[in-house]
Amino acid sequence: MKEFDYYIYIDYSENLIGYNIIEKSKIRELLPKISKLKHYKNLKHKRAYLNSMKKLFVREKIDSLLFKKKIKSCRDNMDIFIEVFEFIKRNNNCIIFISIDDYQYRKFRKMIDLIDGGKTQIVKESELRKGSKEYKMSLIIDTTLNIERRKR
């Protein structure tokens, strides 16, 4: 399996879009802490799950293990994309993995082809293999967005 320097996850939930960036060096520490995360839309008891995960994020200090995290309104999706593009440009010597929501994939792919130096692998969220470390890390932004959406 290919190793990446950074893992970027972009997802949206109803009217919110967000991303997080995870450094390769933090993955070993992060994975055991997120083992209880599940994909939100497949859950039966959504409210109880979000309450439980909100406490887990605080207790395990998940946000401190993320290199960067941002959540905005969907109408600001270009701001999110631009921040990710700037990060890729600043780190053009790094190998980067990006998982993006299926709905946003085509637009994002067209734009990234303009700046990408071929060191970036982009996959649709639905193409992540269940149980893989990439899939597990994608659940962080999924859960974070749903917690934030419920707060608003």
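Bear in mind the structure is a predicted one, so any value in this text is a computation, not a measurement.
- Legend: ring-ring contact (aromatic ring centres under 6.0 Å, His included) pairs involving residues 50-70, not counting sequence neighbours, sorted by first then second residue: Y6-F67, F67-F87.
- Under a hydrophobic-cluster definition in which Ile, Leu, Val, Met, Phe, Trp and Tyr are linked whenever side-chain heavy atoms come within less than 4.5 Å, directly or via other members, I10 and Y103 are assigned to the same cluster.
- Residues F85 and M111 approach most closely at CZ-CB, 3.5 Å, considering heavy atoms.
- In the hydrophobic clustering of ILVMFWY residues, with side-chain heavy atoms under 4.5 Å counting as a link, I96 and L66 come out apart.
- The shortest non-hydrogen separation linking F81 to Q104 is CZ-OE1, 3.4 Å.
- Side chains of I122 and Y105 form a contact here, defined as non-hydrogen atoms less than 4.5 Å apart.
- R75 is linked by a side chain to side chain contact (heavy atoms under 4.5 Å, CB included) to S73, counting only residues two or more places apart in sequence or in another chain.
- Listed here is the closest heavy atom pair of E125 and D102: N-OD1, 3.1 Å.
- With sequence neighbours excluded, no residue forms a ring pair (Phe, Tyr, Trp, His ring centres under 6.0 Å) with Y49.
- A donor-acceptor pair under 3.5 Å is absent between the side-chain atoms of S52 and the main chain of A48, judged by distance alone.
- In this structure, the side chains of I112 and I98 come closer than 4.5 Å at one or more pairs of heavy atoms.
- Between the CD1 atom of I100 and the NZ atom of K107 there is a distance of 9.0 Å, given to the nearest 0.5 Å.
- Both M78 and I88 are members of a single hydrophobic cluster when ILVMFWY side chains are connected at heavy-atom separations under 4.5 Å.
- By the side chain to side chain contact (heavy atoms under 4.5 Å, CB included) test, Q121 pairs with K2, F4, F97, V123, sequence neighbours left out.
- For K133 against Y9, the heavy-atom pair with the smallest separation is O-OH, 4.4 Å.
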Tell me which donor-acceptor pairs under 3.5 Å the side chains of residues 11-26 have, and how far apart each pair is, sequence neighbours excluded?
unit_1 : atom_1 : unit_2 : atom_2 : d
S13    : OG     : N146   : OD1    : 3.2
S13    : OG     : R149   : NE     : 3.0
Y19    : OH     : E83    : OE1    : 2.6

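- With respect to K89 and E86, no salt bridge is recorded, no charged nitrogen being found less than 4.0 Å from a carboxylate O.
- Once rounded to the nearest 0.5 Å, the distance linking CG of N92 with OG1 of T120 reads 9.5 Å.
- Nearest heavy-atom pair across D5 and C94 is OD2-CA, 3.2 Å.
- A single hydrophobic cluster is seen to contain both Y135 and I140, as judged by linkage of ILVMFWY side chains at heavy-atom distances under 4.5 Å, directly or through other members.
- Taking CG from N77 and CD1 from I82, the interatomic distance works out to 9.5 Å, rounded to the nearest 0.5 Å.
- Rounding to the nearest 0.5 Å gives a distance of 13.0 Å between CD of E127 and CZ of R129.
- In the hydrophobic clustering of this structure, L145 groups with Y7; members are Ile, Leu, Val, Met, Phe, Trp, Tyr whose side-chain heavy atoms approach within less than 4.5 Å, directly or through other members.
- Pairing each heavy atom of N51 with each of R150, the nearest pair is OD1-NH2, 3.0 Å.
- Counted within 6.0 Å of CZ on R109, heavy atoms from surrounding residues, nucleotides or ligands total more than 12; the atom is thus considered enclosed.
- Few gaps surround NZ on K72; more than 12 heavy atoms of other groups in view lie less than 6.0 Å from it.
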Sequence neighbours left out, cut at 3.5 Å: what donor-acceptor pairs do the side chains of residues 27-44 make with other protein atoms?
unit_1 : atom_1 : unit_2 : atom_2 : d
S35    : OG     : P32    : O      : 3.4

